[in-house]
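So the structure is just underneath, and the comments pick up after that.
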Amino acid sequence: MKIAHLTEAGTPERANEDRLLLAEPVFAIFDGATSLDGYKNADGMTGGALASTVAYDTFSKAGDSLLEKAAQANANLRQAMIRANVDATNKKSIWCTTIAAVEIKQNSFDWIQISDSLILIIYSNNTYKLLTPDYEHDLPTLHLYKKLITQGVTDLFCAAQPQMIANRYNMNKTYGVLSGEPEALTRLNHGTESLANVSSILLFSDGAIFPKKDPDDSDDWHAYIELYNHGGIQLLHKTIREIEHNDPHCWTYPRLKPHDDFSIIALTF
């Protein structure tokens with residue numbers, strides 16, 4: 001098995017809230033989401049960075065299944081918020097993170113996932129399997145972005161704040177994310193897959209997914225795999241950053257921020 005990985009902050013002035021775990025046989029990506037109240041600790045770490053770090057630290061420990069690690073990470077996250085005097089019942093204040101993790105066995109691998117960090121299997125015949133539905137929980141905000149663009153609004157992020165807050169209140173109701181809330185555990189996706197005929201496993205945060213002109217369009221995983229086969233994770237990174245760079249106001253490709261944190265792990269067999 002060969003391992004390639006890449007992580008990069010969306011913008012130099014903002015810290016990377018993603019964490020990559022490379023602790024063979026466990027590999028994982030955690031994408032922290034900034035708390036809407038703008039929390040930072042004494043070291044300047046955001047709620048999103050703290051959430052992904054708590055999950056990273058928990059998954060780093062040996063023993064336990066991925067499901068047990070996720071449950072422990074959720075409990076640890078709640079305790080970390082309580083210690084920091086954060087109201088763990090207020091969805092605007094809660095720290096939260098995605099998970100996309102695998103544990104490689106001899107002829108199979110276990111996996112666990114929540115939210116929009118995804119796991120993609122590529123087979124030797126170039127077919128693929130996305131382990132969970134590619135659900136865009138920010139779709140209501142992106143629909144609003146499209147409407148605001150037609151109205152000539154330039155500061156989309158500011159204008160869409162009420163919608164973003166409303167969407168956060170749907171956390172672990174209409175979509176899942178690790179947040180310290182007990183309901184998060186009911187939203188975990190997990191299972192076991194055979195390694196037979198697997199050529200690659202890709203784990204990635206949503207910042208490593210192609211932006212789309214129409215938020216309702218399906219992601220083009222065939223094109224994604226084509227680029228990966230041609231130039232690896234570096235070409236995926238270059239392509240996405242070029243799209244973002246050429247659309248700094250998010251007017252052509254509606255998205256929550258001009259440049260998202262980019263993280264990917266590629267396991268090749």
Where do Ile209 and Leu118 come nearest, in terms of heavy atoms and distance? CD1-CD1, 3.8 Å
Pick out which of Ile233, Asn16, Leu6 makes a side chain to side chain contact (heavy atoms under 4.5 Å, CB included) with Phe262. Leu6
Please state whether the rings of Trp221 and Tyr224 are parallel, tilted or perpendicular, taking 30° and 60° as the class boundaries. perpendicular
Exactly one candidate in Thr98, Asp31, Asp261, Asp18 meets side chain to side chain donor-acceptor pair (under 3.5 Å) with Ser205; the answer is Asp18
Under 3.5 Å side-chain donor-acceptor pair for Asn125 and Asn197: no
With rounding to the nearest 0.5 angstrom, report the CG to CG distance, Asn167 to Leu139. 9.5 Å
Membership question, hydrophobic clusters at under 4.5 Å side-chain separation (ILVMFWY): are Leu21 and Leu203 in the same one? no
Kindly compute the distance separating CD1 (Ile201) from CG (Leu195), expressed to the nearest 0.5 Å. 5.5 Å
Does atom CD of Gln106 have more than 12 heavy-atom neighbours, drawn from other residues, nucleotides or ligands, at distances under 6.0 Å? no
Check step by step if salt bridge (Lys or Arg N to Asp or Glu O under 4.0 Å) holds for Lys105 and Asp110. CA-CA 8 Å; Lys105 306 291 183 68; Asp110 296 338; 2.9 Å; yes
With no hydrogens and no angle check, is any side-chain donor or acceptor of Asn74 less than 3.5 Å from a backbone partner on Gly180? yes
Side-chain donor/acceptor of Asp138 to backbone N/O of Thr141, under 3.5 Å: no
Pair Trp95, Tyr39 - check ring-ring contact (aromatic ring centres under 6.0 Å, His included), show working. CA-CA 9 Å; Trp95 308 344; Tyr39 176 90; 5.3 Å; yes
Looking only at the aromatic ring of each residue, does the gap between the centers of Tyr228 and Phe204 stay below 6.0 angstrom? no
Glu226, CD: over 12 other non-hydrogen atoms inside 6.0 angstrom: no
Can you name the closest pair of heavy atoms from Thr7 and Ser263 and give their distance? OG1-OG, 2.6 Å
One pair to check against side chain to side chain contact (heavy atoms under 4.5 Å, CB included): Cys96 and Glu181. What are the steps and the verdict? CA-CA 10 Å; Cys96 52; Glu181 299 170 294; over 6 Å; no
Ring centroids only, cut at 6.0 angstrom: are Phe59 and Phe30 within range, meaning strictly under it? yes
When you check the side-chain N and O atoms of Asn76 and Gln72, is any donor under 3.5 Å from an acceptor? yes
Donor + acceptor pair across side chains of Gln113, His190 (<3.5 Å): no
Please report the C-alpha distance between His249 and Thr154 in whole Å, then the side-chain angles of each, then the deciding distance to 0.1 Å, and finally whether the side chain to side chain contact (heavy atoms under 4.5 Å, CB included) criterion is met. CA-CA 7 Å; His249 302 293; Thr154 55; over 6 Å; no
What are the two closest non-hydrogen atoms of Lys212 and Ser218, and how far apart are they? CD-O, 4.1 Å
State the OG-CD1 distance between Ser35 and Ile94, to the nearest 0.5 angstrom. 10.0 Å
Approximate separation, where rounding is to 0.5 Å, of Ile149 CD1 and Lys146 NZ: 6.5 Å
Same apolar cluster: Ile122 and Leu235, side chain cutoff 4.5 Å: yes
Give me the atom names and distance for the closest heavy-atom approach of Gly10 to Arg241. CA-NH2, 3.8 Å
Determine the sole option in Leu188, Leu131, Ile119 for which the side chain to side chain contact (heavy atoms under 4.5 Å, CB included) test with Ile112 is passed. Leu188
Looking only at heavy atoms, which two atoms of Gln163 and Pro140 are closest? And how far apart? NE2-CB, 3.4 Å
Test side chain to side chain contact (heavy atoms under 4.5 Å, CB included) on Ser60 and Tyr56 and set out the steps. CA-CA 6 Å; Ser60 296; Tyr56 172 95; 3.6 Å; yes
State, to 0.1 Å, how close Gly176 and Ser115 come at their nearest heavy-atom pair, and which atoms those are. O-CB, 3.2 Å
Consider only side-chain heavy atoms of I, L, V, M, F, W and Y, link residues closer than 4.5 Å, and tell whether Met164 and Met171 are in one cluster. no
Contacts satisfying ring pair (Phe, Tyr, Trp, His ring centres under 6.0 Å) that involve residues 157-177 (not counting sequence neighbours) are His137-Tyr175
Under a 3.5 Å distance rule, please check whether Thr127 uses its side chain to pair with a backbone N or O of Tyr123 as donor and acceptor. no
hydrophobic_cluster_shared for Ile243 and Leu236, side chain cutoff 4.5 Å: no
Honestly curious: do Val102 and Leu67 fall in one hydrophobic cluster under the side-chain, below-4.5 Å linking rule? no
Ring centres of Tyr128 and His222 under 6.0 Å apart? yes
Taking it one step at a time, do Asp260 and Glu17 satisfy side chain to side chain contact (heavy atoms under 4.5 Å, CB included)? CA-CA 10 Å; Asp260 200 359; Glu17 294 179 316; over 6 Å; no
Report yes if some heavy atom in the side chain of Glu244 is under 4.5 Å from a heavy atom in the side chain of Pro258; otherwise report no. no
Could you tell me whether the side chain of Asn170 and the main chain of Thr174 form a donor-acceptor pair under 3.5 Å? no
Side chain Lys92, main chain Arg168, donor-acceptor under 3.5 Å: no
No-hydrogen, no-angle side-chain donor-acceptor test under 3.5 Å, Asp216 and His143: yes
Lys61: which residues meet the salt bridge (Lys or Arg N to Asp or Glu O under 4.0 Å) condition with it, sequence neighbours left out? none
Flag the pair Val26 / Leu66 as yes when at least one side-chain heavy-atom distance between them is below 4.5 Å, and no otherwise. yes
Using 4.0 Å as the upper bound for N to carboxylate O, is an ion pair formed by Arg255 and Asp247? yes
Under 3.5 Å, is there a donor-acceptor pair linking the side chains of Asn90 and Asp37? no
Report yes or no: does Lys129 contribute a side-chain atom to a donor-acceptor pair with the main-chain N or O of Ile121 at less than 3.5 Å? no
